[in-house]
Visitor: 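One structure, pasted below without further comment.
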Protein chains: 2
Amino acid sequence: MAVKLDDVDILLLRELQQDADRTNVELARIVGLSPAGTLNRVRRLKETGVVRRITARLDPAQAGFPLQVYLSVTLARHDPRANRTFEETVRAMPQVIAADWVAGEIDAMLLVVARDVPELQQVLVRLSTRGAQRLTTLLRLEEIKPASPLPV
Amino acid sequence: MAVKLDDVDILLLRELQQDADRTNVELARIVGLSPAGTLNRVRRLKETGVVRRITARLDPAQAGFPLQVYLSVTLARHDPRANRTFEETVRAMPQVIAADWVAGEIDAMLLVVARDVPELQQVLVRLSTRGAQRLTTLLRLEEIKPASPLPV
DNA sequence: GATGAAATAGCATTTGC
DNA sequence: GCAAATGCTATTTCATC
């Protein structure tokens, strides 16, 4: 935790994670501060990087992406150059909506969306030709728990 | 795609996914509509469910959660009751910030955050005693690609 | 059926305390 | 961090295409 957060900050973070689509005045009422004070708090949370950004979260299926998969990836080689090639490939593919290096049974975990099966296959083929030795596809069937706030 | 989206809608979705922290007037200028028209569009996108919500995305480490893991889960039993028990357990655990049923080598994929190793272990133990037969932990090391907009 | 322009009420943001 | 003040913005209304 690189930033000191008091109770009001924590409360603001909870509220903003749940619903950032509210006026500053409304937030101020919730946390019991003046609008000016609230504005300063929120600004500081953004500036310090605790709040990375405010975004709209879409329903992937409603937005035209009925296929969502987790892709677990093992690389064929593990030198820095192979890693970078893979990273750049992943960043350049719009269907990959998140990706992380991980420690465990595999090397990387990707989240991929696609409009149909052929598009998904394109993604798989491209990753295979860019260093992925083993790709395990986990098709997202149903949400157990939606993207939730960090329990600050 | 359950909703018809024209070019202006698509443009709005792109902008809102990237940065929802802007005034309606600013959005209106970007998409080339009047503020009133833009407001109607955005409201409709929210009402139809394409936009699920507007939220603050935090930096997990900055917010006090240096440990983030993907947990792949295989259940011991697969009857409806075991599934429900597991679902309810997961929903009730604040450290689980997202969870999905998947088709593939495993049954479910979870995203978990923790303040330290003991807290992570607590999560693992609890899941084990609530139906998880096999738990594979993938520790998030480094971001390859941050949470990105759907490529609408 | 949706847009644009005008009008009002309310808000964001600044300044001084 | 608060209170007051100003300049904009959100939001509604109504005419319009």
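Residue numbering restarts at 1 for every chain, and letters A, B, ... go by the order of the sequence lines.
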Visitor: Of all the nucleotides listed (dC2(D), dT13(C), dT9(D)), which has the minimum atom distance to the side chain of Leu33(A)?
Guide: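 Looking only at side-chain atoms, Leu33(A) lies closest to dC2(D).
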Visitor: Measure the distance from NZ on Lys46(B) to C1' on dT11(D) and round it to the nearest whole Å.
Guide: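 Computing the Lys46(B):NZ to dT11(D):C1' distance gives 13 Å.
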Visitor: Let me know the distance between CG of Asn40(B) and P of dA5(C), rounded to the nearest Å.
Guide: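 Spelled out: CG on Asn40(B) to P on dA5(C) is 15 Å.
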Visitor: In whole angstroms, how far is the P atom of dT9(D) from the CG atom of Leu27(B)?
Guide: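 The answer, rounded to whole Å, is 12 Å.
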Visitor: Specify the separation, in whole Å, of atom CD of Glu47(B) and atom C1' of dA2(C).
Guide: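 Distance check: Glu47(B) CD to dA2(C) C1' gives 15 Å.
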Visitor: Arg43(B) has a side chain; which of dT12(D), dT13(C), dA10(D) sits nearest to it?
Guide: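 Among the listed nucleotides, the one closest to the side chain of Arg43(B) is dT12(D).
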Visitor: Would you mind reading off the distance between Asn24(B) atom CG and dA12(C) atom P, rounded to a whole angstrom?
Guide: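 In whole Å, dA12(C) P lies 13 Å from Asn24(B) CG.
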Visitor: So among Val31(B), Leu12(B), Leu13(B), which one has a side chain to side chain contact (heavy atoms under 4.5 Å, CB included) with Arg41(B)?
Guide: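 Of Val31(B), Leu12(B), Leu13(B), side chain to side chain contact (heavy atoms under 4.5 Å, CB included) with Arg41(B) is met by Leu12(B) alone.
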Visitor: Examine distances only and state if a side-chain atom of Arg14(B) and a backbone atom of Val152(B) form a donor-acceptor pair shorter than 3.5 Å.
Guide: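 Judged by distance alone, yes, a pair lies under 3.5 Å.
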Visitor: Identify whether the distance between the nearest side-chain nitrogen and carboxylate oxygen of Arg134(A) and Glu105(B) falls below 4.0 Å.
Guide: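 Between Glu105(B) and Arg134(A) there is a salt bridge, with a charged N closer than 4.0 Å to a carboxylate O.
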Visitor: How long is the line joining CD of Glu26(A) and P of dA9(C), in whole Å?
Guide: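 Interatomic distance, CD of Glu26(A) to P of dA9(C): 20 Å.
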Visitor: Determine, for Glu15(A) against Arg29(A), whether the closest basic-nitrogen to carboxylate-oxygen distance falls under 4.0 angstrom.
Guide: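 No salt bridge links Glu15(A) with Arg29(A).
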Visitor: Looking only at side-chain atoms of Ala36(B), point me to the closest of dA5(C), dT3(C), dA10(D).
Guide: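 Of all the options, the side chain of Ala36(B) is nearest to dA5(C).
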Visitor: Closest approach to the side chain of Leu39(A), judged atom by atom: which nucleotide of dA12(C), dA10(D), dT3(C) is it?
Guide: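 Ranking dA12(C), dA10(D), dT3(C) by closest atom to the Leu39(A) side chain puts dA12(C) first.
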Visitor: Students often mix this up, so state it plainly: with edges at 30° and 60°, are the rings of Trp101(B) and Phe86(B) parallel, tilted or perpendicular?
Guide: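 It falls in the tilted class, 30° to 60°.
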Visitor: Has Arg22(A) got a side-chain N or O lying under 4.0 Å from the OP1 or OP2 atom of dA10(D)?
Guide: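 For dA10(D), neither OP1 nor OP2 has a side-chain N or O of Arg22(A) closer than 4.0 Å.
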Visitor: Does Arg41(B) put a side-chain nitrogen or oxygen below 4.0 Å from OP1 or OP2 of dG1(C)?
Guide: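 It does not, given that no N or O in the side chain of Arg41(B) lies less than 4.0 Å from OP1 or OP2 of dG1(C).
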Visitor: Heavy atoms from C-beta onward define the side chain here; which of dC2(D), dT3(C), dA12(C) lies closest to that of Ser34(A)?
Guide: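 Selected nucleotide: dC2(D).
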Visitor: Between C1' on dT9(D) and CG on Asp21(B), what's the gap in Å once rounded to a whole number?
Guide: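 It works out to 14 Å between those atoms.
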